Amino acid sequence: MREAIGLSKSPMLAIRDLSYSFEARKPIFQQVAIDIQPGEFVSVIGPSGSGKSTLFKLITGLLEPDQGEILIDGQKMETRLGLVGYMPQKDLLLPWKTVVDNVLLPLEVKKENKQQNMSEIRKWLSRFGLAEFEKAYPHELSGGMRQRVAFLRTIMTGRELLLLDEPFGALDSMTKRNMQSWLLGLWEELQKTVLFITHDLEEALLLSDRIYLLERTGTFQEMKVHLSRPRNPELIYQSEFIEMRKELERRIHHE
Amino acid sequence: MNNALKKWVSDYGLFVLVCILIVSVWEWVVRSGMIPAFILPAPSAIWSSLADNWQLLLEVHLPATLKEVLIGFVLSLIGGLLLGIGMHFSRVLEKILYPFLVISQTIPLIAISPIFIMWFGYSIWSKIAVTILTAFFPIVVSTYDGLKMGGTEYRELLLTMGASRWMIFKKVQVPMALPSLFSGLKMSVVYCVVGATVGEWLGASEGLGYFSRRMSGNLQADAVFAAIFLLSLLGIILFLIIGLIEKQLLKHNHR
Ligand SMILES: Nc1ncnc2c1ncn2[C@@H]1O[C@H](COP(=O)(O)OP(=O)(O)OP(=O)(O)O)[C@@H](O)[C@H]1O
Ligand SMILES: [Mg+2]
């Protein structure tokens with residue numbers, strides 16, 4: 001499947017000459033360009049308040065750029081709403097819906113037949129370690145489980161491009177490690193294109209093919225991650241990884 | 001069962017105890033002659049007046065008031081929901097209606113009621129008009145505020161799934177508004193009893209308000225208190241019924 005997508009040469013996401021600022025404030029983006037190929041895993045890092053979440057809102061179509069264009073799968077659409085899978089910074093599970101109903105929300109919105117997809121969804125739920133919690137309500141779940149429900153809901157949008165806004169930001173470091181290795185395994189079989197916001201440099205290096213560094217000037221600096229796949233979390237102790245981490249930190253401090 | 005009893009005692013035990021204390025002191029104060037019975041009748045006198053007038057109260061006056069309350073409440077509910085939802089969807093409507101709503105609540109009820117009598121005569125509708133004037137405001141405000149609380153975050157999430165405005169209204173904003181709406185309904189139903197009573201005081205031929213007015217003209221304080229007792233009981237029961245519906249409906253609306 002990845003090869004099939006590779007044949008169509010257009011990038012999954014292309015941002016050209018993008019500028020954006022909230023009214024009368026210092027610009028958040030200045031003539032930014034980003035290209036993301038199908039099947040890539042790309043991270044965005046940057047200090048708090050630098051505009052990472054704003055970038056996602058622009059890509060999803062919740063905000064419109066002041067200047068420049070955003071192409072999804074090579075196409076410039078009138079509205080981008082409904083074209084990408086978006087996982088917001090907070091899990092935003094609906095508290096009155098069970099786990100399975102929360103996961104089904106994207107199908108409900110698109111008025112798709114839920115019953116037809118039920119067996120596939122059950123498979124997903126167990127793949128996400130949520131099978132026993134199908135009928136549970138969000139307040140009965142741990143933070144890590146809530147994130148997995150929110151992630152599964154994002155996958156259920158059926159979109160090829162997934163935007164994940166700090167999915168592990170609120171988790172403790174142990175849970176986070178588990179989630180990272182789980183995501184590594186999952187992504188390799190999912191064959192989706194992922195754009196991933198994080199504060200955590202190790203996490204960015206461990207998961208990504210490339211990293212975009214959002215700088216204070218409102219531009220991006222790109223860094224490739226030359227680590228072979230499949231990867232596992234043990235990687236962070238290897239000298240190769242530590243070197244890359246140093247390089248990344250150096251770039252952050254010399255921006 | 002034993003557990004339920006224990007919970008009941010721990011929840012309401014203190015309240016019941018204080019009630020018994022107040023009634024006992026009250027009875028004692030009146031019987032010992034400290035306060036004349038025509039100013040404050042003893043609880044036992046109220047009780048026997050209640051028993052004496054039982055048939056009249058229960059078969060004529062209570063149903064009359066209940067009818068006004070129910071019709072007033074249902075009309076307030078329909079009107080309040082429509083106005084609240086309308087104001088939610090249309091900013092123009094909001095700008096026009098909100099000031100009028102607030103003005104409507106600054107009119108002294110006692111002052112406007114004679115006008116209603118002029119308009120609607122001594123029919124049930126003059127009482128219902130007063131009831132609606134007191135009862136619909138909390139419904140409009142709680143509907144409108146509740147819908148607004150629906151959170152931009154959830155709205156944005158659904159927008160990225162390609163949801164229409166109606167879909168967002170149905171899937172997120174209505175469920176989110178329910179707790180606020182029910183607070184409004186509980187307040188409103190109690191106001192209905194107040195409104196109906198005031199309406200009856202100003203001109204009626206039946207109803208608990210009418211009864212208590214007639215009795216106060218006859219200086220039968222015990223009968224007045226009997227009617228007040230029934231009115232407050234009616235308010236409490238209606239309040240509890242709405243509370244029960246709320247509990248059933250919002251069983252899983254944890255937030
Ligand atoms: N709706 C808005 N109106 C005005 N300014 C906004 C709005 N949303 C965000 N901002 C501002 O834009 C800047 C970027 O916000 P954004 O949420 O994109 O940051 P972020 O990089 O995601 O931060 P964090 O890492 O803390 O999530 C911030 O300075 C914020 O105050
Ligand atoms: Mg953010």
Side-chain angles (χ1 to χ4, degrees), chain A residues 53-54 56-64 72 77-99 101-112 135-141 146 149-151 153-159 161-165, chain B residues 7 77 81 84-85 88-91 139 142-186 241-255:
Chain A
S53 298
T54 306
F56 275 17
K57 291 197 175 165
L58 282 159
I59 298 172
T60 53
L62 289 171
L63 297 172
E64 280 304 320
I72 312 283
M77 311 288 271
E78 204 149 295
T79 171
R80 294 180 297 283
L81 290 171
L83 291 186
V84 299
Y86 169 54
M87 176 170 169
Q89 203 158 353
K90 295 188 204 160
D91 58 59
L92 297 184
L93 300 176
L94 299 178
W96 57 88
K97 281 185 184 283
T98 57
V99 165
D101 286 340
N102 263 291
V103 165
L104 286 170
L105 186 64
L107 302 185
E108 224 176 295
V109 165
K110 280 182 284 181
K111 300 203 178 82
E112 277 178 25
K135 291 271 179 286
Y137 286 86
H139 73 102
E140 299 166 321
L141 304 179
R146 293 172 65 104
V149 177
F151 186 32
R153 180 184 61 194
T154 313
I155 291 178
M156 282 302 144
T157 59
R159 299 293 151 196
L161 176 59
L162 305 182
L163 308 182
L164 313 180
D165 193 346
Chain B
K7 184 168 160 29
L77 181 63
L81 284 178
I85 293 170
H88 169 74
F89 273 108
S90 155
R91 281 201 59 79
I139 299 184
S142 66
T143 307
Y144 175 72
D145 283 352
L147 287 173
K148 242 194 349 209
M149 261 179 352
T152 38
E153 290 168 328
Y154 284 100
R155 210 186 108 248
E156 289 185 343
L157 175 68
L158 264 82
L159 278 175
T160 68
M161 294 177 185
S164 63
R165 205 171 170 189
W166 170 245
M167 188 62 98
I168 293 170
F169 178 71
K170 208 168 56 170
K171 294 287 172 213
V172 177
Q173 287 170 328
V174 169
M176 287 239 160
L178 285 181
S180 158
L181 175 63
F182 270 103
S183 308
L185 291 185
K186 282 192 279 192
I241 290 174
I242 303 235
L244 219 66
I245 298 173
E246 177 185 24
K247 228 179 179 169
Q248 277 304 308
L249 224 60
L250 303 187
K251 226 186 292 177
H252 293 297
N253 210 338
H254 300 271
R255 250 177 292 158

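None of these values were measured; they are calculated from a predicted model. FYI, side chains are in, hydrogens and waters are out, and symmetry mates aren't considered; it's all heavy atoms of this structure. By convention in this document, chain letters (A, B, ...) are assigned in the order of the sequence lines, proteins followed by strands, and residues within each chain are numbered from 1.
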State the [atom1]-[atom2] distance between [X] and [Y], to the nearest 0.5 angstrom.
X        : Y        : atom1 : atom2 : answer
B:Met167 : A:Lys110 : CE    : NZ    : 11.0 Å
B:Thr160 : A:Leu83  : OG1   : CG    : 10.5 Å
B:Lys251 : A:Tyr137 : NZ    : OH    : 8.0 Å

Looking at A:Lys90, I'd like to know if its NZ atom is crowded, meaning that more than 12 non-hydrogen atoms belonging to other residues, nucleotides or ligands lie closer than 6.0 Å.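 Result for NZ/A:Lys90: open.
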
Could you tell me which portion of A:Gln89 (side chain, backbone, both or neither) has an atom closer than 4.5 angstrom to a non-hydrogen atom of chain B?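 Looking at A:Gln89, nothing touches chain B.
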
Please flag which part of A:Arg80 lies under 4.5 Å from any non-hydrogen atom of chain B: side chain, backbone, both or neither. neither

Could you tell me whether the side chain of B:Tyr154 and the main chain of A:Leu93 form a donor-acceptor pair under 3.5 Å? yes

Quick check: closest heavy atoms across [X] and [Y], and the distance to 0.1 Å?
X        : Y        : result
A:Trp96  : B:Met176 : CH2-CG, 3.5 Å
B:Leu157 : A:Leu92  : CD2-O, 4.0 Å
B:Met161 : A:Thr157 : CG-CG2, 4.4 Å

Yes or no on side-chain contact (heavy atoms from CB on, under 4.5 Å) for A:Leu62 and B:Leu159, after CA distance, side-chain angles and deciding distance? CA-CA 8 Å; A:Leu62 289 171; B:Leu159 278 175; 3.8 Å; yes

